[in-house]
2 protein chains.
Amino acid sequence: MRYAPTHKEEARARLVEATGALAKQKGFSATGVDSLMAAAGMTSGAFYAHFRSKNELLESIVQNELRRSAQLFAAPTRAQALKVLKGYLSNAHVEHPESGCAVPALAPEIARAGASTQQVFEQGVAELQARFRDLVGDDAKAWALLAQLVGAVTVARALPPGASRGALLDGAARQVEQLLAAAPASESS
Amino acid sequence: MRYAPTHKEEARARLVEATGALAKQKGFSATGVDSLMAAAGMTSGAFYAHFRSKNELLESIVQNELRRSAQLFAAPTRAQALKVLKGYLSNAHVEHPESGCAVPALAPEIARAGASTQQVFEQGVAELQARFRDLVGDDAKAWALLAQLVGAVTVARALPPGASRGALLDGAARQVEQLLAAAPASESS
DNA sequence: GTCTATAGTAAGATAGAC
DNA sequence: GTCTATCTTACTATAGAC
């Protein structure tokens, strides 16, 4: 064969990375296979050597993206985790979905995808929720924190830049602070 | 003319209603003009007698949907408003986007639409936030409540039916209760 | 494994009859 | 104002050369 044995998996990993960023930015179903592959420096013909369908790519993206997000929140110290939370509710995150969390960017498309996509999402969200549990101490508060973060970014992105967006992010940040203050860490400083 | 003078505005109102429900269910950009018009009992040719473009329809939908949502939360008594909040975080709302709130269903598409769509959304969200302010007493908490509701439904819809979805909705509901308890009503009981 | 080329379908929008 | 018919473009997916 003319390609190294590791070529395919490396190419696939690059594909999932590049198409994930584009999907988060422009929307998954709104982006054609041509554009997705172009973002990874290939043409659409090569797509089906890696994925059986476009929806199979979505599942790979969801898995890859949520794993990375969960790792971000698994910060070694509580102070670092708080910084990640602040960044989540920042204007930069709102304005740059391509390098941000996949949940606000892709959740509605996952909701309309098949059951297997939703199961992949459930696993990824479980990892995320587990990291939140480390921060707030109990399960229910961890779910509330997740919803608070995702809702704030979801709504902020649909608002035009301006005062209301800032007020929303600020209100969410205060609520997050309260969630963290109420339940002390189960983690080192 | 062969149509009553009120025909056009009535037809347009029906269009915005029917297409709004379909857009919330299947996604706006994922639904073709043919399907949208069929949902209102017409064919695609008639569409452009009412809207200059598909995006102009989205703006009308956003305006119409958010106004209705704001009215729902403007309940005469606090007890009734609490009931609407419970309904927002119910499994029924998660499973029936077509008759539910437009924010979790359409926010990402609004984020990717033009600036004028986002301004229409901002106005609608302002009405909603004002009703929440009546419930929780101050601005920041009202934004946090909005984010909590929207985030919970957004994530719940992407999860498969099951335990994690229930835990998420329950965690969000407890957080909402706390938001309402912390700030007493500025309204009659 | 990746390319070019293409099949087949569906999209947004317009034209002309009624 | 609504219809049928159509233009043009873009989509998902496949076929065959290299």
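Letters A, B, ... mirror the listed sequences (proteins, then strands); counts begin at 1.
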For C:dA13, does OP1 or OP2 lie under 4.0 Å from any side-chain N or O of B:Y48?
yes
Could you check whether the rings of B:H93 and B:Y88 sit parallel, tilted or perpendicular, using 30° and 60° as the cut-offs?
perpendicular
What residues form a ring pair (Phe, Tyr, Trp, His ring centres under 6.0 Å) with B:F121, not counting sequence neighbours?
none
Listed once per pair and sorted, the side chain to side chain donor-acceptor pair (under 3.5 Å) pairs that draw on residues 30-47 of chain A, sequence neighbours left out
A:D34-A:S44
Atom-pair distance (CE on A:M37; C1' on D:dC11), nearest Å
15 Å
Rounded to the Å, how far apart are A:N55 CG and D:dT12 C1'?
12 Å
CG of B:L15 versus P of D:dG1: gap in Å, rounded?
12 Å
Please say whether the positively charged group of A:K54, taken as NZ for Lys or CZ for Arg, lies over the ring of A:F28, i.e. under 6.0 angstrom from the six-membered ring centre and within 45 degrees of the axis.
yes
In whole Å, what is the span from the CG atom of B:L57 to the P atom of C:dG12?
11 Å
Using atom NE2 of A:H50 as one end and atom C1' of D:dT14 as the other, report the distance to the nearest whole Å.
16 Å
Expected rows: protein N/O vs nucleotides 4-11 of chain C N/O, under 3.5 Å:
none

Between P of D:dA10 and CG of A:L36, the distance in whole Å
15 Å
Between P on C:dT2 and NZ on A:K8, what's the gap in Å once rounded to a whole number?
9 Å
Distance, rounded to the nearest Å, where B:M42 contributes CE and D:dT4 contributes C1':
16 Å
Any side-chain heavy atom of A:V153 within less than 4.5 Å of one from A:L149?
no
Consider the side chain of A:S53, meaning its heavy atoms from C-beta on, and name the nucleotide among C:dT2, D:dA13, D:dT2 that approaches it most closely.
D:dA13
Donor-acceptor pair, A:R165 side chain versus A:A156 backbone, under 3.5 Å?
yes
